[in-house]
Amino acid sequence: MTKIAIILGSTRPGRNGEAVARWVYQVAAQRTDAEFELVDLLDYKLPHLDEAMPPSLGQYTQPHTLAWANKIASFDGFVMVTPEYNHSTSGALKNAIDFLYAEWNNKAVGFVSYGSVGGTRAVEHLRLIAGELQMADVRSQVALSLFTDFENFSVFKPNDFQLESLTATLDQVVAWSTALAPMRAR
């Protein structure tokens, strides 16, 4: 069965992303077309990129890199939950992505973002990164506003229409992850 990781892309204390990622997982876990797992960057303790060789060579030497590579390699696709910091994604998510190369290739990725303008600028940066990593980024995305989907900018209360956006994003990630299976088998 297709396996999709929901990657919680913030490590900040008091992060809003934890509630968002749990919501994505709860909705996804009700589906029968794929298996979903919540992957929290806090569980991997990745320092700033500390591998001597470029990730495209796949010559990982650090135990934390090997653990991260094994986890990411086990999935067929991803939903990245990202905050928007300074018109981009979090440094923690970018760093985690940069540790690897082949483990991301020929897999689909969708985005659930949050911020003052829904995190859309962070997603635009992630789409550029996904292209370089030979990932298929899906069109649909969830853009959560700190003004309308959070109470007091911190208590997550998504508007009802966000469920429709999430369902469309999950549909596309599962479909593309399944369609790319022959590419990953090579």
Subject >> Residue from V112, V79, L163, V24 passing side chain to side chain contact (heavy atoms under 4.5 Å, CB included) with V142 >> reply: V112
Subject >> Short side-chain donor-acceptor distance under 3.5 Å, Y114 and T82 >> reply: no
Original post:
Of the non-hydrogen atoms in A34 and V174, which two are nearest, and what is the gap between them?
Top reply: CB-CG2, 3.9 Å
**OP:** Taking all non-hydrogen atoms of both residues into account, name the closest pair between L41 and A96 and its distance.
**Re:** CD2-CB, 3.7 Å
Original post:
Given side chains that start at C-beta, do those of Y85 and R12 come closer than 4.5 Å, heavy atoms only?
Top reply: yes
Subject >> Rounded distance [0.5 Å steps], OG in S154 versus CG in L146 >> reply: 9.5 Å
**OP:** Please report the shortest heavy-atom distance between A21 and L38, naming the atom on each side.
**Re:** CB-CD1, 3.6 Å
Subject >> Side-chain donor-acceptor contact under 3.5 Å, E51 with T61 >> reply: yes
Original post:
Quick check: does any side chain N or O of W104 sit under 3.5 Å from a backbone N or O of Q134, one acting as donor and the other as acceptor?
Top reply: no
Original post:
Are L180 and I129 connected in a single hydrophobic cluster, I mean Ile/Leu/Val/Met/Phe/Trp/Tyr linked by side-chain heavy atoms less than 4.5 Å apart?
Top reply: no
Original post:
What about L66 and L57, same hydrophobic cluster or not, with Ile/Leu/Val/Met/Phe/Trp/Tyr joined at side-chain heavy-atom distances under 4.5 Å?
Top reply: no
Subject >> Salt bridge present between R184 and D76 (N-O < 4.0 angstrom) >> reply: yes
Original post:
Is there a donor-acceptor pair closer than 3.5 Å between any side-chain N or O of S10 and the backbone N or O of P83?
Top reply: no
Subject >> Under 3.5 Å donor-acceptor, Q59 side chain and P54 backbone >> reply: no
Subject >> Among V20, V81, L42, the one residue meeting side chain to side chain contact (heavy atoms under 4.5 Å, CB included) with R15 >> reply: L42
**OP:** Would you name the heavy atoms of S165 and S140 that are closest together and state the gap between them?
**Re:** O-OG, 3.7 Å
Original post:
Taking atom OG of S177 and atom CZ of F75, what is their separation to the nearest 0.5 Å?
Top reply: 11.5 Å
**OP:** Start with the C-alpha distance between R31 and D171, add both sets of side-chain angles, then the distance that settles salt bridge (charged side-chain N to carboxylate O under 4.0 Å, His left out), and finish with yes or no.
**Re:** CA-CA 10 Å; R31 299 172 65 106; D171 287 348; 2.8 Å; yes
Original post:
Below 4.5 Å, heavy atoms only, C-beta onward: do S88 and R121 meet side chain to side chain?
Top reply: no
**OP:** State which residues pass salt bridge (charged side-chain N to carboxylate O under 4.0 Å, His left out) with D149; sequence neighbours excluded, sorted by chain then number.
**Re:** none
Original post:
Is there a side-chain contact between M80 and V123, using heavy atoms and a 4.5 Å cut-off?
Top reply: no
Original post:
Which pair of non-hydrogen atoms, one from A143 and one from Q162, has the smallest distance, and what is that distance?
Top reply: O-NE2, 3.1 Å
**OP:** Flag the pair K71 and E37 as a salt bridge only when some basic side-chain nitrogen lies within less than 4.0 angstrom of an acidic carboxylate oxygen.
**Re:** yes
Original post:
Atom OH in Y60, atom CG in L100: separation rounded to 0.5 Å?
Top reply: 4.5 Å
Original post:
Would a hydrophobic clustering, with Ile, Leu, Val, Met, Phe, Trp and Tyr connected at side-chain separations under 4.5 Å, put L166 with V39?
Top reply: no
Subject >> Proximity of F153 and F147 rings by center, below 6.0 Å >> reply: yes
**OP:** Verify, without hydrogens or angle tests, whether S90 (side chain) and G9 (backbone) share a donor-acceptor contact under 3.5 angstrom.
**Re:** yes
Would you tabulate the side-chain donor-acceptor contacts of residues 1-8 under 3.5 Å, counting partners in other chains and residues two or more places apart, or write 'none'?
from : atom 1 : to   : atom 2 : distance (Å)
T2   : OG1    : T178 : OG1    : 3.2

Original post:
Taking atom types as modelled and ignoring hydrogens, do the side chains of T169 and Q141 form a donor-acceptor contact shorter than 3.5 angstrom?
Top reply: no
Subject >> Check: E103 side chain, A69 main-chain N or O, donor-acceptor pair, under 3.5 Å >> reply: no
Original post:
About how many Å separate CD1 of I97 and CH2 of W68, when rounded to the nearest 0.5 Å?
Top reply: 8.5 Å
**OP:** For the pair F156 and E151, evaluate side-chain contact (heavy atoms from CB on, under 4.5 Å) and give the outcome as yes or no after the intermediate values.
**Re:** CA-CA 6 Å; F156 183 52; E151 184 177 280; over 6 Å; no
Original post:
Would V109 and L93 show up in the same hydrophobic cluster when neighbours are defined by side-chain heavy atoms closer than 4.5 Å?
Top reply: yes
Subject >> Spacing of OG1 belonging to T89 relative to CZ belonging to F111, to within rounding of 0.5 Å >> reply: 8.5 Å
Original post:
So, the side chain of R139 versus the backbone of Q172: is there a donor-acceptor pair under 3.5 Å, distance only?
Top reply: no
Original post:
Does M183 share a hydrophobic cluster with L133, counting links as ILVMFWY side-chain heavy atoms below 4.5 Å and allowing steps through other members?
Top reply: no
Original post:
Do F150 and K157 touch side chain to side chain, with heavy atoms closer than 4.5 Å?
Top reply: no
Original post:
Hey, what do you get for CG (N105) to CD (E132), rounding to the nearest 0.5 Å?
Top reply: 9.5 Å
Original post:
Which pairs, with at least one residue in residues 19-29 and sequence neighbours excluded, count as a side-chain hydrogen bond (donor to acceptor under 3.5 Å, both in side chains)?
Top reply: E18-R22
Original post:
So, the side chain of N95 versus the backbone of L49: is there a donor-acceptor pair under 3.5 Å, distance only?
Top reply: yes
